Student: 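Structure below; questions to follow.
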2 protein chains.
Amino acid sequence: MISERIRTANVLVVEDDWPIRHLLKVSLSAHAYEVSEAETCKEAFTSLAKQVPDLLLLDLGLPDGSGIELLRRLRQEHAIPVIILSVQGAETTKIEALDLGADDYLTKPFSVDELLARVRAALRRSKSLHAPTLLTCGDLELDLERRHVTLAGHEISLTPNEFSLLMAFMRNQDRVLTHRQLLKEVWGEGYVDDSHVLRVNVCNLRRKLNSPDGKRNYIKTEPGVGYRLCLPRPA
Amino acid sequence: MISERIRTANVLVVEDDWPIRHLLKVSLSAHAYEVSEAETCKEAFTSLAKQVPDLLLLDLGLPDGSGIELLRRLRQEHAIPVIILSVQGAETTKIEALDLGADDYLTKPFSVDELLARVRAALRRSKSLHAPTLLTCGDLELDLERRHVTLAGHEISLTPNEFSLLMAFMRNQDRVLTHRQLLKEVWGEGYVDDSHVLRVNVCNLRRKLNSPDGKRNYIKTEPGVGYRLCLPRPA
DNA sequence: TTTTCGCATCAAGGATCCTTGAAGCGGGGT
DNA sequence: ACCCCGCTTCAAGGATCCTTGATGCGAAAA
């Protein structure tokens, strides 16, 4: 927290037009950003090779080569936020840049307030990295964010209920889960006694999980109690 | 990593039957666990008040009061793993204990190998705490795990596609997302050009997000480009 | 003013999924 | 040997959701 306030962010401005470049430098410097400058694509490349900034302000209308190419090559290595500067009417290029991973854009002429707001927002976002919510159990992998499940490499498709059910299992590997617990987790408080619907879904889930060779039995039933997702130790 | 191997786990054994209690103590001590013992519910309470162990081995058939009550009161404060010891036939009590949050159970007579395996599994699980995957934007809250969305406190129900769409927005707050980016994220590579389906879903999403008072407009349209989820600074 | 284009909204056919009933199966108890 | 009970599996009606077409709307261009 403290270090964020002391260490000023480093911004690289890539812009060939002097008045605009100067405006950017002055505005940003006045707010305690460290600013480097580049007038051409080439200069930008050498600057990036020397030091990677915390944020890139990129004009798309550079004299030598398009900013698009610079963005593409930057994105192959770094994930720093990039804000595009574009002129009115250059919609196509702007969208192309955004699709390539640019974070935001400013259309000339822009207000300094808006510039600073976008810079702040971009820097704030770049600090929040996503937790790689990925659960694994043997050759089973469950991606919380993408809602994808892969078994021994290739993807298998689950219905929403099946996914929730498997999620409950994978967050409690090798642990007994009672019928009530599973029903409460997946279907909610009101379904706690409907064990039939649970059995049907466990059945369907098993069919999909055992499809490749039918060897391993992931879900073990605990008679009279519930189910358990076995760990991959082939005892 | 290292500390986990040096510091031995502390296990509290609550069991009135001497032979079993002794077997547990010997077996666990031999594998470098620190073992405390209690013969009655009362003893267990005082022991827990003094020091909370890393794991609790709990016999359900205690002479004074049921182990169930002990478990219930323990769960109001601590989340340590609990393994139940039960006799054959006491299914009802066993299930009740599991529903209350017990992690596992052993049915007497049990093998020492199985005991150790369950203890290891329970301790391993207790170390993996779930990341509270919760995204917020103003009075909008999105819970990745439960797939719930709340707006100013009360829950709103979204369809799967709407949820994915909102998730994409909330992971990129205040950032322009092009049509292509959103379509790729929610529908997949094949739908990148189908902007109509995106518009319909944005429309439906807006309706649900603005329902309470219709004041704030969360999703802003960027004409010709895409959409943007606004931050809650009411500029 | 009229036209045009992108966006918003409504509505319905069709696909997917969920629930529930019914039947099959196997082990334990009488 | 028979029955009972819980678990598994199959199948279909019904609910939900997704896609797509049609229409309305507003702003910019002609």
Side-chain angles (χ1 to χ4, degrees), chain A residues 88-92 94-95 107 147 149 156-168 176-180 182-188 190-211 214 217-229, chain B residues 88-89 91-92 94-95 107 147 149 156-166 168 176-180 182-188 190-211 214 217-229:
Chain A
Q88 191 104 34
E91 298 288 302
T92 311
K94 187 169 71 182
I95 294 177
T107 305
R147 289 230 137 193
V149 176
I156 63 182
S157 85
L158 301 181
T159 71
N161 273 357
E162 287 162 5
F163 187 92
S164 298
L165 187 58
L166 182 58
M167 189 169 82
V176 204
L177 292 171
T178 66
H179 295 149
R180 297 177 72 90
L182 289 167
L183 286 162
K184 183 176 168 186
E185 181 74 19
V186 178
W187 280 267
Y191 287 66
V192 169
D193 292 318
D194 187 355
S195 53
H196 184 54
V197 69
L198 173 62
R199 292 203 182 96
V200 172
N201 276 79
V202 168
C203 171
N204 293 332
L205 191 53
R206 273 177 174 153
R207 185 179 310 146
K208 293 185 180 179
L209 292 186
N210 297 336
S211 55
N217 202 357
Y218 284 91
I219 301 173
K220 183 180 164 192
T221 123
E222 299 276 337
V225 179
Y227 296 93
R228 182 200 299 263
L229 179 66
Chain B
Q88 190 104 35
E91 298 289 302
T92 312
K94 186 169 69 182
I95 295 177
T107 305
R147 291 230 135 193
V149 176
I156 64 182
S157 85
L158 300 180
T159 72
N161 274 357
E162 288 161 5
F163 187 92
S164 297
L165 186 58
L166 182 58
V176 205
L177 292 171
T178 65
H179 295 150
R180 297 177 71 89
L182 289 167
L183 286 162
K184 184 176 167 187
E185 179 75 19
V186 178
W187 281 266
Y191 288 66
V192 170
D193 293 318
D194 187 355
S195 53
H196 184 54
V197 69
L198 173 61
R199 292 206 180 94
V200 173
N201 275 78
V202 168
C203 171
N204 292 333
L205 191 52
R206 282 209 258 233
R207 184 179 310 144
K208 293 183 179 180
L209 292 186
N210 297 336
S211 54
N217 202 358
Y218 285 91
I219 301 173
K220 184 180 164 193
T221 302
E222 299 278 337
V225 179
Y227 296 93
R228 183 200 297 263
L229 179 65

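Keep in mind that what you see is a predicted model, and the values were worked out from it rather than measured. Proteins get letters first, then strands, A, B, ... in listed order; numbering begins at 1 in each.
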Student: I need the CG-P distance between Leu205(A) and dC10(D), as an integer number of Å.
Tutor: 15 Å

Student: Not counting sequence neighbours, which residues clear side chain to side chain contact (heavy atoms under 4.5 Å, CB included) with Val149(A)? List them please.
Tutor: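 If we apply the side chain to side chain contact (heavy atoms under 4.5 Å, CB included) test to Val149(A), skipping adjacent residues, the hits are Leu140(A), Leu142(A), Ile156(A), Leu158(A), Phe163(A), Leu166(A).
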
Student: Please state how far atom NE2 in His179(B) lies from atom P in dC5(C), giving the value in whole angstrom units.
Tutor: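 About 17 Å, once rounded to whole Å.
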
Student: In whole angstroms, how far is the P atom of dG6(D) from the CG atom of Asp193(A)?
Tutor: 14 Å

Student: In whole angstrom, what separates Leu198(B)'s CG from dT20(D)'s P?
Tutor: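 Value for this atom pair: 13 Å.
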
Student: Could you pull out all residues at least two apart from Arg180(B) that satisfy salt bridge (Lys or Arg N to Asp or Glu O under 4.0 Å)?
Tutor: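 By the salt bridge (Lys or Arg N to Asp or Glu O under 4.0 Å) rule, Arg180(B) matches Asp99(A), Asp193(B).
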
Student: Could you list the residues that satisfy side chain to side chain donor-acceptor pair (under 3.5 Å) with Arg147(B), not counting sequence neighbours?
Tutor: none

Student: Looking at dT8(D), I'd like to know if its phosphate oxygens (OP1 or OP2) sit under 4.0 Å from a side-chain N or O belonging to Arg207(A).
Tutor: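 Looking at the OP1 and OP2 atoms of dT8(D), neither is under 4.0 Å from any side-chain N or O of Arg207(A).
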
Student: Could you pull out all residues at least two apart from Val200(A) that satisfy side chain to side chain contact (heavy atoms under 4.5 Å, CB included)?
Tutor: His196(A), Asn204(A)

Student: Only counting residues at least two apart or in another chain, list the ones meeting side chain to side chain contact (heavy atoms under 4.5 Å, CB included) with Thr221(B).
Tutor: Arg206(B), Tyr227(B)

Student: Checking side chain to side chain contact (heavy atoms under 4.5 Å, CB included) for the pair His179(A)/Val202(A): CA distance, chi angles, key distance, verdict?
Tutor: CA-CA 11 Å; His179(A) 295 149; Val202(A) 168; over 6 Å; no

Student: Name all residues meeting the side chain to side chain contact (heavy atoms under 4.5 Å, CB included) criterion together with Val186(B); count only those two or more places apart in sequence or in a different chain, and write none if there are none.
Tutor: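 Testing Val186(B) for side chain to side chain contact (heavy atoms under 4.5 Å, CB included), a comparison that skips the adjacent residues, returns Asn161(B), Ser164(B), Leu165(B).
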
Student: So Thr221(B), base contact, sugar-phosphate only, or nothing? Heavy-atom distance under 4.0 Å.
Tutor: sugar-phosphate

Student: List the residues meeting salt bridge (Lys or Arg N to Asp or Glu O under 4.0 Å) with Glu185(B), not counting sequence neighbours, and say none if there are none.
Tutor: none

Student: How does protein contact run along nucleotides 22-30 of chain D, one letter per nucleotide 5' to 3', with B for base contact, S for sugar-phosphate only, - for none, heavy atoms under 4.0 Å?
Tutor: B--------

Student: What does the list of N/O pairs under 3.5 Å between the protein and nucleotides 15-19 of chain C look like, with a distance for each?
Tutor:
residue	atom	partner	partner atom	Å
dC18(C)	OP1	Asn161(A)	N	3.0
dC18(C)	OP2	Thr159(A)	OG1	3.1
dT19(C)	OP1	Trp187(A)	NE1	3.3
dT19(C)	OP2	Asn161(A)	ND2	3.4
dT19(C)	OP2	Trp187(A)	NE1	3.0

